[in-house]
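Reminder, nothing fancy here: chain letters follow the sequence lines and each chain counts from 1.
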Number of protein chains: 2
Amino acid sequence: MTAAPVPTREKLLDAAEELVQTRGYNAFSFRDLAKRVGIRAASVHHYFPSKADLGRRLMDRYRRKFGAALESITGKVRDPRRRLERFVGLFRDTLRRGDRLCLCGMLATEYATLPARIRTEVRRFYGDSETWLTEVFNEGRRSKRLRFAGKPAAAARTFFGALEGAMIAARAFGDERRLASAGQWLVQALKTTA
Amino acid sequence: MTAAPVPTREKLLDAAEELVQTRGYNAFSFRDLAKRVGIRAASVHHYFPSKADLGRRLMDRYRRKFGAALESITGKVRDPRRRLERFVGLFRDTLRRGDRLCLCGMLATEYATLPARIRTEVRRFYGDSETWLTEVFNEGRRSKRLRFAGKPAAAARTFFGALEGAMIAARAFGDERRLASAGQWLVQALKTTA
DNA sequence: GTCTATAAGATGATAGAC
DNA sequence: GTCTATCATCTTATAGAC
């Protein structure tokens, strides 16, 4: 039994993902990236013609992976309240794996400086996440497991944004409990709000 | 009656503030900054020896200005719920003034790349804001104008982080209603949560 | 696929003239 | 205070050898 070798392209995406999640798109270079993978900066261009292209592929892959994680939750967990807790768990896992932020939150903050291609991917990630959450809030209201005022889509956006914000603060303070606490507070509020 | 001329130092801080709030600390240069003020990049060093120093002064000034705005709210508005609405209003005003993010939220996202001096100022901003909000939540619970589970400090952190996150998304979508909607949702939840 | 070499420009910062 | 000149380094990207 031999482990399949990781293609250089995947190694590059993995390393770039970590760099963007921790430092940001504007704060890493092809040099940084190449060094981590053990090749030269020029060789990165063989896989990704430009930095903008790399950024777009990165966000695209991240969105797909996140989407798969959401599908997994949908398949395994029925209760809307517990689905939200699992959603929070995805953010917590990301933060724990090397003080990373959500790639989407990082890039959204850098939005004004991003190439159009990457911007589109960022918005798509918001769209996917909010669509999934909206469905959870819909089902939660129907089954009376979640109580909240207003439209489910508004609750979904607020919930998602609140986690992004909590994650950013949690990393700045080196205290992951800030994220967990925000998640608990939000779910608690959704149990009891009229 | 002649308007007092704005000293170059203030002009630099104003221009830098706008640049960091929109583009980020890592995405602006002394050249960008100097060009906006009408001097050369080298001259900026006369006022701020290094970029790190500029960043620190910037965050310090921003924190003081924001603190003054909070004091003003405290002096003018009694009702805790309305104080929260005014707090949200500060974020909305910032976003409207040229699609700016909260300086603190921007720098917190870039935290991993920041000099220690700036990091300290970022955490101080969180501290000040959360302290003010905690007092509002305390008073709100006492007067039964705000209802929420858990400690006031936890509610304060979640509230603050949620606005930071909503602001980031609102700018990416070019839709300030995303911020207003999140603010309303949160305040609404705080009226009715057990 | 990876390299070296190179381009053309940006970056933060300093020295010293005016 | 502001400038020009300069530095050493980094940046994204391309051309062409191996």
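With values rounded to the nearest 0.5 angstrom, B:Arg57 atom CZ is found 9.5 Å from B:Leu13 atom CG. Here the straight-line distance linking atom CZ of A:Arg119 with atom OG1 of A:Thr113 works out to 8.0 Å at 0.5 Å rounding. With rounding to the nearest 0.5 Å, the separation of OH in B:Tyr25 from CG in B:Leu107 is 9.0 Å.
For B:Arg81, the CZ atom is densely surrounded, since the number of other residues' heavy atoms within 6.0 Å is greater than 12.
Once you apply a 4.0 Å limit to the heavy atoms of chain B, the touched nucleotides of DNA chain C run 5' to 3' over C:dA10 to C:dT14.
With no hydrogens or angles considered, no side-chain donor-acceptor pair links B:Asp128 and B:Thr131 at under 3.5 Å.
Sequence order on DNA chain D of the closest nucleotides to B:Thr8 and A:Ala52 puts B:Thr8 first from the 5' end.
Between A:Asp53 and A:Arg56 a salt bridge is recorded (basic side-chain N to carboxylate O distance below 4.0 Å). Salt bridge annotation for A:Asp60-A:Arg64: present, with a cationic side-chain nitrogen under 4.0 angstrom from a carboxylate oxygen.
Near DNA chain D, defined here as any heavy-atom distance below 4.0 Å, the residues from residues 19-37 of chain A are A:Phe28, A:Ser29, A:Phe30, A:Arg31, listed numerically.
Taking the six-membered ring where tryptophan is involved, the planes of B:Phe30 and B:His45 are tilted, since the angle between them lies from 30° to 60°.
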